[in-house]
Amino acid sequence: MNELLSAEKSIYVQLSEMIETDILRGILLEEERVPSTNELARLYAINPATAAKGINLLVDEGILYKKRGIGMFVAEGAMEQIITKRKERFFDNYVKGLLEEAKSLGISSEDLVQMIRSHQ
């Protein structure tokens with residue numbers, strides 16, 4: 001988790017996304033303990049309540065879970081869940097607009113696929 005926090009999004013959302021990215025990259029593994037809210041607060045020089053809000057966002061989504069008295073851990077199946085969520089977000093944020101623009105320009109699905117393949 002070495003990315004810098006920016007002003008573009010809420011800090012707690014950025015923190016939750018950085019933890020997700022660490023899970024996707026295999027830095028944090030399933031059933032592995034994640035840094036505590038106090039550790040995250042110190043690391044990023046943020047309020048512990050903000051760190052807790054980011055952690056709780058992931059708990060609410062079932063990506064992290066709490067072991068009482070020990071800390072937060074990566075849930076089993078977290079990576080697959082994150083991939084599914086991010087694929088849906090990718091489709092909503094990029095593909096829908098791409099398809100709409102292609103349609104308005106008269107670009108067929110076949111031509112669009114060919115354009116994509118020729119730029120890989």
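Both backbone and side-chain heavy atoms feed into the values below; hydrogens, waters and symmetry mates do not. A quick note: this is a predicted structure, and the numbers were derived from the prediction, not measured. Each residue takes its place number in the sequence, starting with 1.
Residues I46 and M18 share a hydrophobic cluster, clusters being chains of Ile/Leu/Val/Met/Phe/Trp/Tyr side chains in contact below 4.5 Å. Linking ILVMFWY residues whenever their side-chain heavy atoms come closer than 4.5 Å, directly or via other members, leaves I83 and F90 in distinct clusters. A continuous path of Ile, Leu, Val, Met, Phe, Trp and Tyr side chains, each step under 4.5 Å between heavy atoms, connects I19 with I82, placing both in one hydrophobic cluster. Residues L64 and I70 do not share a hydrophobic cluster, clusters being chains of Ile/Leu/Val/Met/Phe/Trp/Tyr side chains in contact below 4.5 Å. When hydrophobic clusters are built by joining Ile, Leu, Val, Met, Phe, Trp and Tyr residues whose side-chain heavy atoms come closer than 4.5 Å, directly or via intermediates, V59 is not grouped with L29.
Atoms OH and CG, on Y44 and L15 in that order, are 6.5 Å from each other to the nearest 0.5 Å. One distance of note links CD1 of I55 with OG1 of T37; it measures 7.5 Å at 0.5 Å rounding. For the atom pair L40 CG and S16 OG, the distance stands at 11.0 Å (nearest 0.5 Å). Put simply, CD on E20 and CD1 on I63 are 4.5 Å apart, with the number rounded to the nearest 0.5 Å. Note that CD of Q114 and OG of S109 are 13.0 Å apart. Values are rounded to the nearest 0.5 Å. The line from CE of M79 to CG of L28 is 10.0 Å long, rounded to the nearest 0.5 Å.
Closest of all the heavy-atom pairs between A75 and G62 is CB-O, 3.2 Å. Contact record, A49 with N47: N-OD1, 2.7 Å, taken as the closest heavy-atom pair.
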*Kindly indicate, with the supporting measurements, whether the criterion side chain to side chain donor-acceptor pair (under 3.5 Å) is fulfilled by R89 and T84.*
CA-CA 9 Å; R89 189 183 323 151; T84 299; over 6 Å; no
*Would you please test Y65 and E76 for side chain to side chain donor-acceptor pair (under 3.5 Å) and show each step?*
CA-CA 10 Å; Y65 70 94; E76 189 174 318; over 6 Å; no
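Side-chain contact of T21 with R86: a donor-acceptor pair under 3.5 Å is present, judged by distance alone. Side-chain contact check for E17 and Y12: no donor-acceptor pair (N or O, by modelled atom type) lies under 3.5 Å.
Taking the side chain as every heavy atom from C-beta outward, L99 and L112 approach each other to under 4.5 Å. By the 4.5 Å heavy-atom criterion applied to side chains, E31 and V74 are not counted as neighbours. Annotation: side chain of E32 is not in contact with side chain of F73 (no heavy-atom distance under 4.5 Å). Under the 4.5 Å side-chain criterion, counting only non-hydrogen atoms from C-beta, I107 is in contact with M115. The shortest distance between side-chain heavy atoms of M72 and K67 does not fall below 4.5 Å.
Checking side-chain atoms of Q81 against main-chain N and O of A78 turns up no donor-acceptor pair under 3.5 Å. The backbone N or O of V13 lies less than 3.5 Å from no partner atom in the side chain of S10, so there is not a single donor-acceptor pair.
Annotation: E30, atom CD; neighbour count of heavy atoms from other residues, nucleotides and ligands within 6.0 Å is above 12. More than 12 heavy atoms of other residues, nucleotides or ligands shown are found within 6.0 angstrom of NZ on K85.
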